[in-house]
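In what follows, a structure is listed as structure tokens, so that the remarks can point back to it.
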Number of protein chains: 2
Amino acid sequence: MSRPDLAKLGAVYAPYLNAIVLHGLATAQAVGLGPTDLYAVGTLAFNGRMTSGELAAKTGLTTGATTRLIDRLEEHGLVRRVTDPADRRRVLVEAVEDNDIELDAALAPAREQLGAVFADCSPAEIAVLTEHFERATPAFHEAIETIRDTR
Amino acid sequence: MSRPDLAKLGAVYAPYLNAIVLHGLATAQAVGLGPTDLYAVGTLAFNGRMTSGELAAKTGLTTGATTRLIDRLEEHGLVRRVTDPADRRRVLVEAVEDNDIELDAALAPAREQLGAVFADCSPAEIAVLTEHFERATPAFHEAIETIRDTR
DNA sequence: TTCATTATCTGCGTTGATGCAGATATCAGC
DNA sequence: GCTGATATCTGCATCAACGCAGATAATGAA
């Protein structure tokens, strides 16, 4: 923490994270979803199908609240319920690929703006950034778990 | 968009953003605030004092809702109201430095986890990351404005 | 079959965030 | 000192998200 190159990083990082979170909130609102709902859609898209219970764990909600969450997402056509043939108590939830929702449209501005930022990078820089993102993602998930457990 | 080095970046980036947003949500909940409230605290901390109206614009809330937002933050001891001596209609809102709230504690896990990620980086890599964060932050804010205007 | 366990859903109530419209205080120009 | 504009606040109503506890359905083992 005492390295001089980390000092500026520290100053820049918090506003950066803040902007990303705010962007998430604005995106959710634009699509007519709550922040948690939007997160859930993303999680399902990245991790593939998942049971209701697993989704509850990921989001930190109760199973009851998760049922309602899935209801909302289903109404929006973002998600589909599939009963697990192996264990019919379970409900598998999977992201709908071709959702005609404006989610894609809502993300377009960010794609464009960030695309411009990345376009100016050399391949070597892109490599550095990519590796960082790869490593930071599980770090955040670790932190999330710690936060929840600490309460 | 067709550069080969950008392909992997694209796959890694969305889950990365997702994790950051979720971390923001979890942090807010741990502190007993709503996501918007937490964002507002950050904005005030980074940008310094700000009028109620400016904060309304930043958050995308109505002025009425912003008044309540400031009320909540004040109750949590995170923020202070100061009437503008130059224009006494205005209320300047400023972040309280030594808030005894658990906000710092809630951010600790992330600091630790991310600190480890950054610690493994060379100064050159840190420089690349720092510059990226610096450029990405306004890019997100641009995207946010576009999203809001498009609705 | 019967019982305990597990996964999800439902009914009910609560809480909190927000919008809207009108109230209040202040400012700026005449 | 008026008058219109501006900044914030307040009252009221609404709506959505959530927790909790009990209901339902399916599984697995005795």
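A, B, ... follow the sequence lines: proteins, then strands. Residue 1 opens every chain.
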Tell me if the centroids of the rings in A/His132 and B/Phe133 come within less than 6.0 Å of each other.
yes

Residue [X], side-chain atoms from C-beta onward, closest of [options]:
X       : options                : result
B/Arg72 : C/dT8, C/dT18, D/dT10  : C/dT18
A/Asp87 : C/dT10, D/dT27, C/dT18 : D/dT27
A/Leu61 : C/dA17, C/dG19, D/dG19 : D/dG19
A/Thr63 : D/dT8, C/dT8, D/dC18   : C/dT8
A/Ser52 : D/dA17, C/dG19, C/dC9  : C/dC9

In whole Å, what is the span from the [atom1] atom of [X] to the [atom2] atom of [N]?
X       : N      : atom1 : atom2 : answer
A/Asp84 : C/dT6  : CG    : C1'   : 13 Å
B/Arg90 : C/dC27 : CZ    : C1'   : 10 Å
B/His76 : C/dG16 : NE2   : C1'   : 11 Å
B/Ile70 : C/dA17 : CD1   : C1'   : 15 Å
B/Leu55 : C/dT18 : CG    : P     : 11 Å
A/Leu38 : D/dA16 : CG    : C1'   : 16 Å
B/Asp37 : C/dG16 : CG    : P     : 11 Å
A/Asp71 : C/dT10 : CG    : C1'   : 10 Å

Lys/Arg N to Asp/Glu carboxylate O, A/Arg81 vs A/Glu94, below 4.0 Å:
no

Are the charged groups of A/Arg135 and B/Asp120 less than 4.0 angstrom apart, N to O?
yes

Under 4.0 Å between a side-chain N or O of [X] and OP1 or OP2 of [N]?
X       : N      : value
B/Thr51 : D/dA7  : no
B/Thr36 : C/dT18 : yes
B/Arg88 : C/dA25 : no
A/Arg68 : D/dA16 : no
A/Thr66 : C/dT8  : no
B/Arg81 : D/dC9  : yes

Verify, without hydrogens or angle tests, whether A/Arg111 (side chain) and A/Asp104 (backbone) share a donor-acceptor contact under 3.5 angstrom.
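Pair found, side chain donor or acceptor close to backbone of A/Asp104.
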
When you match B/Glu54 and A/Pro85 each to their closest nucleotide on DNA chain D, which lands nearer the 5' end?
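So the residue in question is B/Glu54.
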
Looking for any heavy atom pair under 4.0 Å, which part of the strands does B/Gly64 touch: base, sugar-phosphate only, or nothing?
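Base contact - B/Gly64 has a heavy atom under 4.0 Å of at least one base atom.
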
Connected via hydrophobic side-chain network under 4.5 Å: B/Val117 and B/Leu17:
no

Indicate, with yes or no, if B/Val31 and B/Val41 share a hydrophobic cluster defined by side-chain heavy-atom contacts under 4.5 Å among Ile, Leu, Val, Met, Phe, Trp and Tyr.
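Same cluster.
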
Any donor-acceptor N/O pair under 3.5 Å between D/dT8 base and B/Arg89 side chain
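Donor-acceptor pair under 3.5 Å: no.
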
